[in-house]
Peer 1: 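Quick one: the structure is below, questions incoming.
Each chain gets a letter, A, B and so on, in the order the sequences are listed, and its residues count up from 1.
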There are 2 protein chains.
Amino acid sequence: MSELESVIRKLEALDHRITPSRVAVIAAVLAQSGHFSVEEIMRQARAVGRATVFRTMRLLTDLDVVCRVLLEDGSLHYRVSRRGHHHHLVCVSCGNVQDLDECAVADLVRELAAATEYEIEGHWLEFYGRCASCRSPLAQAAKA
Amino acid sequence: MSELESVIRKLEALDHRITPSRVAVIAAVLAQSGHFSVEEIMRQARAVGRATVFRTMRLLTDLDVVCRVLLEDGSLHYRVSRRGHHHHLVCVSCGNVQDLDECAVADLVRELAAATEYEIEGHWLEFYGRCASCRSPLAQAAKA
DNA sequence: ATGCCTGCAAACGATTTGCAGCACA
DNA sequence: TGTGCTGCAAATCGTTTGCAGGCAT
C-alpha cells in the first residue's frame, strides 16, 4: 500500500470525502522531500484553489499526516510526519531538515514537572545549524 | 539606574535616537509582567502609531531587550528578556510564563553535533503545560 | 438525493512600507 | 542643520470565510 493510499484510507476512516482536490494536495505533500510551505503545494497543485489547500493542510495536520515546522525567521512550514513525536534539526544554510527520533527532552520534562509543579502537556524543540555539506564549502571543493 | 534608563542607554550607545514615542513603547514593554502582544503595547501607548510600535519592537528584539515567545496557537508574543539564554514554560490555561534559567539542552547540543555533523547554531525550546494553580481548581477550592 | 467539499472573491489580522514633515543630536 | 524618526495611510502577506454550485457517497 502506497503512502498515498494509506493517507486516503485514513481520511475515509474518519468520514472525510475523497476528492480530486484532496488527492492532488496529498500527493504534492507526500512528494516533498523536506519541509515545505503552503505556497509550494499551491505551486504543485495549481488546479486546486488556495482555500482548499489551506483547508486540506489543516486536515492533514489534525490527522498527524504532517507536522508544523517553525523556521528561524518565524515562518511556518510543514513536513510529512513519518513518525510519532520527534524534533527537527534544520540547516539554516540549505534548509535541509533532519528528524531526531529520540526525544531527549523526556527526562527533562519529568524533572521540570517536579520542580515547577506544572503539569507539562507538550513542548516544542527545534535545533538550527549548518549541515555537514554546508559547513565547509572548502571541504567539498577539496573532494572534487 | 532604572530598567528604563538602562534600555535608553543601550539605545544611545548604538546611535539610536531617544524619542517620546520610543520611550513610551519601552515603558509599556517594561511594565508588562508576563508575555504580551504588540497589540497590548499599542493599547498602552495610544499616542504612538502602529508602525512605530512595530519598528520599536523589532529594535528591542535586535537589542535583546525583549525576546519572542511562540504561543501554542502559533501567535507571536514578546516578553522582557531579563537574562541571557533561557527557555519558557508557558501555562496553556492562564498564559503565565515561567523562565527556565538553565539551558538543559546544552549537553544535547553537544551530542547532537557529534552525531549529525551539524554545526549547531541555536535552538528553540518551549514547554507547554498547566501551572499549579490551574491544574486543580478543586485543590484551590479545598484550600479556601 | 443529501450535504460535504469546491473555487472564487472578498474579508481578514498582523505586519511592512512610502512618504512628507518633524525634532533629536 | 541634517537625517533618523514619526504618523498616516496604503500596500502587502498569509490565511480564513461566505457563498452558490458541484460531486462523492
Side-chain angles (χ1 to χ4, degrees), chain A residues 4-5 7-29 32 35-63 65-79, chain B residues 4-5 7-29 32 35-63 65-79:
Chain A
L4 181 60
E5 285 176 76
V7 173
I8 288 176
R9 300 257 172 106
K10 213 169 188 171
L11 286 193
E12 283 174 337
L14 289 156
D15 291 326
H16 295 293
R17 295 192 178 167
I18 310 307
T19 65
S21 293
R22 284 186 172 166
V23 174
V25 169
I26 296 170
V29 163
Q32 303 298 321
H35 62 105
F36 54 88
S37 61
V38 172
E39 198 189 352
E40 285 169 272
I41 299 304
M42 292 197 285
R43 208 176 300 134
Q44 270 162 73
R46 299 235 183 229
V48 183
R50 238 160 317 165
T52 300
V53 173
F54 277 103
R55 284 186 279 233
T56 306
M57 287 313 295
R58 181 207 291 257
L59 189 58
L60 294 179
T61 305
D62 290 345
L63 264 52
V65 170
V66 297
C67 55
R68 299 150 106 211
V69 179
L70 176 73
L71 263 49
E72 231 180 357
D73 66 1
S75 68
L76 193 61
H77 279 216
Y78 291 87
R79 96 178 306 247
Chain B
L4 180 60
E5 284 177 75
V7 173
I8 289 177
R9 301 255 172 106
K10 213 168 188 172
L11 287 194
E12 283 173 338
L14 289 156
D15 290 326
H16 294 295
R17 293 192 181 169
I18 310 308
T19 65
S21 293
R22 283 187 173 166
V23 174
V25 170
I26 297 170
V29 164
Q32 303 297 321
H35 61 103
F36 53 89
S37 62
V38 172
E39 197 189 353
E40 285 169 272
I41 299 303
M42 292 198 284
R43 207 175 301 134
Q44 272 162 71
R46 299 233 183 229
V48 183
R50 237 159 318 164
T52 300
V53 173
F54 277 103
R55 284 186 279 232
T56 306
M57 287 312 296
R58 182 207 290 259
L59 188 58
L60 295 179
T61 305
D62 290 344
L63 264 50
V65 171
V66 298
C67 56
R68 299 150 107 209
V69 179
L70 176 74
L71 264 50
E72 230 181 357
D73 67 359
S75 68
L76 193 61
H77 279 216
Y78 292 86
R79 97 181 303 249

Peer 1: Which donor-acceptor pairs under 3.5 Å do the side chains of residues 41-55 of chain A make with protein atoms, sequence neighbours left out?
Peer 2:
from	atom 1	to	atom 2	distance (Å)
A:Gln44	OE1	A:Gln32	NE2	3.2

Peer 1: By salt bridge (Lys or Arg N to Asp or Glu O under 4.0 Å), which residues pair with B:Arg9, not counting sequence neighbours?
Peer 2: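 Result, salt bridge (Lys or Arg N to Asp or Glu O under 4.0 Å) vs B:Arg9: B:Glu5.
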Peer 1: Mind calculating the distance between CZ (B:Arg46) and P (D:dG7) to the nearest angstrom?
Peer 2: 15 Å
Peer 1: Residues two or more places apart in sequence or in another chain: which of them pass side chain to side chain donor-acceptor pair (under 3.5 Å) with A:Thr61?
Peer 2: none
Peer 1: Under the side chain to side chain donor-acceptor pair (under 3.5 Å) test, which residues partner A:Glu40, sequence neighbours left out?
Peer 2: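 By the side chain to side chain donor-acceptor pair (under 3.5 Å) rule, A:Glu40 matches A:Ser37.
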Peer 1: Given atom CE of A:Met57 and atom P of C:dC5, what is their separation to the nearest angstrom?
Peer 2: 17 Å
Peer 1: Walk me through whether A:Val7 and A:Leu63 qualify under side chain to side chain contact (heavy atoms under 4.5 Å, CB included).
Peer 2: CA-CA 9 Å; A:Val7 173; A:Leu63 264 52; 5.9 Å; no
Peer 1: Bend across the helix from C:dA1-D:dT25 to C:dA25-D:dT1, to 10°, with axes taken over 5 pairs at each end?
Peer 2: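 Both end axes considered, the difference amounts to 40°.
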Peer 1: What's touching nucleotides 14-19 of chain D from the protein side, N or O pairs under 3.5 Å?
Peer 2:
none

Peer 1: With sequence neighbours left out, which residue pairs that include part of residues 11-20 of chain A fulfil the salt bridge (Lys or Arg N to Asp or Glu O under 4.0 Å) condition?
Peer 2: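 Output for this query is empty, none listed.
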Peer 1: Checking A:Leu11 against A:Ile26 for the side chain to side chain contact (heavy atoms under 4.5 Å, CB included) test, could you report, in this order, the C-alpha distance in whole Å, the side-chain angles of both residues, the deciding distance, and whether it holds?
Peer 2: CA-CA 11 Å; A:Leu11 286 193; A:Ile26 296 170; 3.8 Å; yes
Peer 1: Evaluate the criterion side chain to side chain contact (heavy atoms under 4.5 Å, CB included) for residue pair B:Arg68 and B:Tyr78; output intermediate values, then yes/no.
Peer 2: CA-CA 4 Å; B:Arg68 299 150 107 209; B:Tyr78 292 86; 4.0 Å; yes
Peer 1: Between B:Leu11 (CG) and C:dC24 (P), how many Å, whole number?
Peer 2: 15 Å
Peer 1: For residues A:Phe36 and A:Met57, report the shortest heavy-atom separation together with the two atoms involved.
Peer 2: CE1-CE, 3.9 Å
Peer 1: Identify, residue by residue, the members of residues 12-24 of chain B with a heavy atom below 4.0 Å from DNA chain C, and return them in order of residue number, or none.
Peer 2: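 When residues 12-24 of chain B is checked for heavy atoms under 4.0 Å from DNA chain C, the hits, listed by number, are B:Arg17, B:Ile18, B:Pro20.
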